[in-house]
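Proteins get letters first, then strands, A, B, ... in listed order; numbering begins at 1 in each.
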Amino acid sequence: MTLHIVNQSPLGGSALHDCLASFVEGDALLLIEDAVYAATAPTHHKLPQDNIYALTADAHARGVKLAQGVKGIDEAAWVDLCVAHTPIVSWFR
Amino acid sequence: MANSILALCRHAPYGNTLAREGLEAILACAAMDQIPAVLFTGDGVYQLLEQDPQAINEKSLRRNLQAMPMFGIEQIHVCEKSVAARGIATDTLQLAGAELVLLADTGAFIRDFDQVLSF
Amino acid sequence: MQFTLVVYGAPHSSEGAATALRFAQATLAAGHGIYRVFFYADGVHNGSALAAPPQDEQDLLGQWQSLQQDHALDLTVCIAAAQRRGLLSESEANRLEKPSANLAAGFSLAGLGQLAEAAAVSDRLISFGG
Amino acid sequence: MDNLVIAGREIALDKEGFLRDLNDWSPEVATALATRENIELTRDHWDVITLLRDFYQEFELSPAMRPLVKYVGQHLGPEKGRSIFLMQLFPPSPAKIGSKIAGLPKPTNCL
């Protein structure tokens with residue numbers, strides 16, 4: 001199962017859009033850096049229902065409150081996510 | 001067993017260096033006998049169109065791409081939806097010496113690999 | 001588990017370089033190994049010895065270097081990407097007839113083959129976009 | 001590094017003996033560059049030099065070993081499309097030495 005990592009704001013470019021087009025049920029999505037803005041309104045940005053994570057540090061830095069359904073994680077949990085998934089795909093810019 | 005490697009190319013040529021540096025990495029992997037699968041998706045499909053960048057003093061990325069078969073990469077995968085979303089006719093996408101495979105489900109394709117290099 | 005990190009972002013320019021550093025620290029803290037950190041595209045600037053950020057901003061170079069010392073990290077800078085952007089070791093500066101070198105201690109220049117090899121043999125590969 | 005003098009004209013080389021200006025290349029220049037590598041150019045050498053220049057024209061890349069072997073095989077036949085053939089012509093590093101003599105850009109040390 002793939003771990004998708006997005007770092008771009010949802011409307012700032014095509015990274016999230018491209019990622020969701022390759023998202024398969026059972027995959028996980030991690031929002032980091034500017035992508036945490038998508039975590040404020042997951043349904044608006046058509047995020048999948050399950051396995052959605054956001055980096056807490058990046059959300060806090062931006063004053064972003066994670067909506068229900070998005071799980072905030074720290075860097076240690078991020079490493080665990082990487083261990084549990086393969087491949088890891090980064091979607092950026 | 002060495003890992004299977006996918007190179008995911010989703011940036012247009014010339015606007016930033018990722019398209020060119022991605023190709024260089026792909027060719028380097030192939031030269032090392034770690035032949036990666038290659039998938040063009042998103043704006044990356046623009047790399048496959050005719051190009052004439054002489055007037056902007058750039059080398060042709062498409063010419064460079066055509067070297068892939070020489071490095072042992074004989075199949076190129078292309079996201080069908082990305083092509084359609086950009087109003088590109090699929091028959092304009094051709095790369096001499098390589099077989100172009102249109103993918104309807106990129107997600108199912110991606111999850112079969114061990115490692116993904118994103119460019 | 002052995003991780004390879006690929007860094008595309010220039011320090012103090014895009015966030016990717018700092019995120020990669022945090023991830024590297026967490027990976028090592030969890031007891032995993034880092035097979036290689038490969039700096040590519042604008043990420044090669046992470047290896048510049050000449051970065052001089054203000055004292056009240058984070059010192060990314062210093063943090064990479066202390067991580068390198070503590071864990072004998074392999075910090076590899078892509079030689080082709082580095083040449084284009086003006087990041088040279090003593091021997092490369094000499095070979096290319098350039099006036100000075102600026103590759104920081106703890107980093108080494110090598111070819112893209114090092115990325116291919118790391119992708120082929122490490123357990124996980126993760127990229128940090130610029 | 002000393003420059004070449006061809007027919008009274010000075011041709012600038014860099015430290016490693018590559019042409020500074022690729023437009024300076026000519027068959028006479030190639031012969032002089034080969035002499036500096038202790039290589040006497042035969043028919044086989046010229047065939048490969050021509051293919052190196054064709055490869056660069058076609059793909060805008062200086063070839064690495066693997067594609068060079070394949071390209072030579074496609075154009076000169078499988079007998080010659082082998083590393084050992086190229087190694088004998090342009091030792092010790094056919095892609096690099098061949099590119100130098102054929103007047104292609106200096107490789108980036110990458111492939």
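Using a 4.5 Å cut-off between heavy atoms, Ala30(B) touches chain D through its backbone atoms (N, CA, C, O) alone. Only the side chain of Gln74(D) has a heavy atom closer than 4.5 Å to any heavy atom of chain B.
Atoms CG and CZ, on Leu68(D) and Phe71(B) in that order, are 10.0 Å from each other to the nearest 0.5 Å. To the nearest 0.5 angstrom, Leu61(D) atom CG is 7.0 Å from Leu23(B) atom CG.
A side-chain donor-acceptor contact under 3.5 Å links Lys70(D) to the backbone of Pro69(B). Although no hydrogens or angles enter the test, the distance criterion places a donor-acceptor pair under 3.5 Å between the side chain of Glu60(D) and the main chain of Ser60(B).
In this structure the side chain of Asp33(B) reaches within 4.5 angstrom of the side chain of Arg66(D), judged on heavy atoms.
The nearest pair of heavy atoms linking Gln66(B) to Phe59(D) is O-CE2, 3.2 Å.
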